[in-house]
S.K.: 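Okay, handing you the structure first.
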Amino acid sequence: MRKTALVCCLLLTAALLCGTAAAEDRLFTDSIGREVLLPAEVTNVAPSGSLAQISLYPFGEEYYISISSALKEGERHFLADRLDSLPITGSMFGSKATMNPEEIISLDKKIGIDVIIDVGEPKGNMKEQMDNVQEKSGVPFVFITQSSLDSIAESYLTLGEMLGQEEKGEELAEYFGGIVSMYEENMEKIGDNKVSAIYVTKIDGNSVNLLGHNSYHAEILDGIAENIAPEAVVGSGLGDQYTMEDIFQMNPDYIIVAGSGLFEHDYYEEIMSSSMWAVLPAVQEGRVIEVPAESPWSWMGNPPAAHRLVSILWLGNVFYPDVFDYDLEEKVKEFYKVFYNYELSDSEISEMMKYSTGNAEKTASSPIPILGVLAGLSAAVFIRRR
Amino acid sequence: MTEQKTRHVPNYKLRFVLLIIAALLCILISFSVGRFPVSLADVIMVFATEIFKLDIAWDFATWSTVINIRLPRILAAFFVGAALATAGAAYQGMFQNPLVSPDILGASSGAGFGAALAIFMNLGPVWITAFAFAGAVICVGAAYAVSRFTKGSATLSMVLAGILVSSLFTAMTSFLKTVADTEDQLPEITYWLMGSLAGAEIGDAIFAGVLIIAGIIPIFLLRWRMNVLTLGEDEAKSMGINPHRLRFVVVACATLITAAAVSISGIIGWIGLVIPHFCRMIFGCDYRRIIPAAVIMGGAFLLLVDDLARCMATVEVPIGILTAFVGAPIFAYLLMMGGRRS
């Protein structure tokens, strides 16, 4: 009896909601063909997942009603302060969901969500999953496809349409698409004369993580250089584990190394001060370049959202200055203005890119101490045996 | 009767000699395999250069591969393998249960939680090792404390307390995994939990080596008393041995070496459970032989498995996965052979 009453109540409210909404709502078709009713004016957007959280930013911080994951130091530095005080939701559907429909309903009541967006590569039964959560929670879900570089421009057109900001969407699509087409044209000129490179994502003693080729995260690296790390095995942005032995074998033209935090250079400094790395011509000749990390996200795309386009501007200019012929700092400043609405100061840019253009001075240390101890021990053993 | 007996007493000395030769061969082979090509002759010459201060100018990459990369890793693999096997044998003796492994009191889950916490807090490699070590010691300490306040059989309450505390720590690790950053922290935690020796540096090998040797010595010295304890507590008491104190000392030492091992290698299962069984099959049920055999066999076995981890694929294969893949078929074979003989 109570159950039927409850169901009736629910149906009634649903009908009411639909009734009141239908008057001013508009129908929007998302990237995977789902038709979603959105309010005429979308202002409160809840991103689900880190790609969505990043992708929305160029439209303005005012659209965020919640954030997907807690802000790190770099995000706090570059993004609007307001974001830090928003509720953190995590992922709202799928296997990684941290919120169930009930929680979404209560959050919606608290903060009033117009639409929940997810950005990325459409997978398997995503459509059914989204329909399911949307039906249960009553909050519109929208999926925007953005995976390869070619899909970035399109994704901003769709986002613009969803937000009712078609003009801004076109402007962004033109800017991002412009970078991609400039890159494609230039790479055609370079043809087979690409430099070889490896991207070191982590160093722990003798273990070195490299981003393998043909992985989602390595799209730009694979295109702009010859990524000589073997094919990727693991799908994460941390890449696969190798040892120094492998690095000796690979002997790349350039070593790209991940920054360790906002304005932090631990891995770079380790490479430049290690006697083992010093064997490599790339290290001897200053062809080690560091990826700005947490600025506000890694330039190499971890996570791989549209902000990674800045690494095309950067790597292209470092590897092939005659072809990608422009003032790198100006281009980076422009990118930050468009993407983050942030005016980079000269001191910030030089701190951020301190080791990002190569040819830095080398501080070598010697392997003598360890060697001495070892030799001493072995000698002692040898003498005693005698 | 006596004639039959003498026929069945195997020549343990010969078996020990063979085992040591096999272990030395493993070490030699391990130096010469890997993805950077260094021949066995080169390896020997590099060491000769170091030891006798010969005047040979080595190509730095070759030299560094042998001295900076393979030597620490081989030392670490041997120490870790020896530690886990010895700890396993000691625990199995103390609990008089052949299904016990070094993580029975929660050393692995404690270490796993410690490492996950350090990774979650974005601390460096040294801190990960330190946290893992502390986690293992705290977890076993907690299990021991819980068991002290329970009634009934000492061994049973200790095993139950171990299961209880380690499941708590496993749950906390799972929680950290759900809240960790999925782009970098989560894969790092997952990798750590699968175990790897790829990062081993000479500092790691020395850190673990010192603690492991310090823990193995008391176990080695107490191995005769462990034999007595297998007869039962009353028998041990009648021979003037305090079973509680003995058990405490052996468990403490076994925990120390397990903690030291997992803190540099990550979680490597299987060795502590199975190597003692191998030892028992070859050397009988006498702890005077089992303990030294476990040290050598555990070290050599992990060394071999680590060679596979290095060479099998183009990328490093987590060693915790391989120990089971390599060990399970061998163990199954031995079990079947042993069963047929009896």
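Chain identifiers are assigned alphabetically (A, B, ...) following the order of the sequence lines, protein sequences preceding nucleic acid strands; residue numbering begins at 1 within each chain. When reading the values below, keep in mind they use all heavy atoms of this one structure, side chains included, and skip hydrogens, waters and symmetry mates.
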S.K.: Could you state the interatomic distance from OH (B:Y191) to CG (A:D240), rounded to the nearest 0.5 Å?
M.R.: 6.0 Å
S.K.: Heavy-atom pairs under 4.5 Å with chain B are the metric here; pick the option from A:H217, A:E231, A:K202, A:M244 that has the most.
M.R.: A:K202
S.K.: Hey, is the main chain of B:G34 close enough, under 3.5 Å, to the side chain of A:E245 for a donor-acceptor pair?
M.R.: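 No, because the side chain of A:E245 does not come within donor-acceptor range (under 3.5 Å) of the backbone of B:G34.
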S.K.: So does B:E201 get a backbone contact from the side chain of A:N206, meaning a donor-acceptor N/O pair under 3.5 Å?
M.R.: no
S.K.: Rounded to the nearest 0.5 Å, what separates atom CG in B:N122 from atom NZ in A:K72?
M.R.: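 Going from the CG atom of B:N122 to the NZ atom of A:K72 covers 6.5 Å.
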S.K.: Please classify the contact between A:P303 and chain B as side chain, backbone, both or neither, with a heavy-atom cut-off of under 4.5 Å.
M.R.: both
S.K.: At a heavy-atom separation under 4.5 Å, does A:D246 approach chain B through its side chain, its backbone, both, or neither?
M.R.: side chain
S.K.: Counting only heavy atoms closer than 4.5 Å, note whether B:F47 contacts chain A via side chain, backbone, both or neither.
M.R.: neither
S.K.: With rounding to the nearest 0.5 angstrom, report the CD to CG distance, B:E316 to A:N209.
M.R.: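 Here the rounded value is 10.0 Å.
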S.K.: Taking atom CH2 of B:W58 as the centre, report whether more than 12 heavy atoms of other residues, nucleotides or ligands fall under 6.0 Å from it.
M.R.: yes
S.K.: Nearest 0.5 Å, please: how far is CE in A:M276 from CH2 in B:W63?
M.R.: 9.0 Å
S.K.: With a 4.5 Å cut-off on side-chain heavy atoms, are B:R310 and A:T243 touching?
M.R.: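 Side-chain contact under 4.5 Å: no.
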S.K.: What part of B:P72 is in contact with chain A, defined as an atom under 4.5 angstrom from a non-hydrogen atom: side chain, backbone, both or neither?
M.R.: side chain
S.K.: Against chain A, label B:A61 side chain, backbone, both or neither, depending on which of its atoms sit under 4.5 Å from a heavy atom there.
M.R.: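 Both backbone and side chain.
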S.K.: So, taking the atom named OG in B:S196 and the one named CD in A:Q241, what distance separates them when rounded to the nearest 0.5 Å?
M.R.: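 Interatomic distance, B:S196 OG to A:Q241 CD, rounded to 0.5 Å: 4.0 Å.
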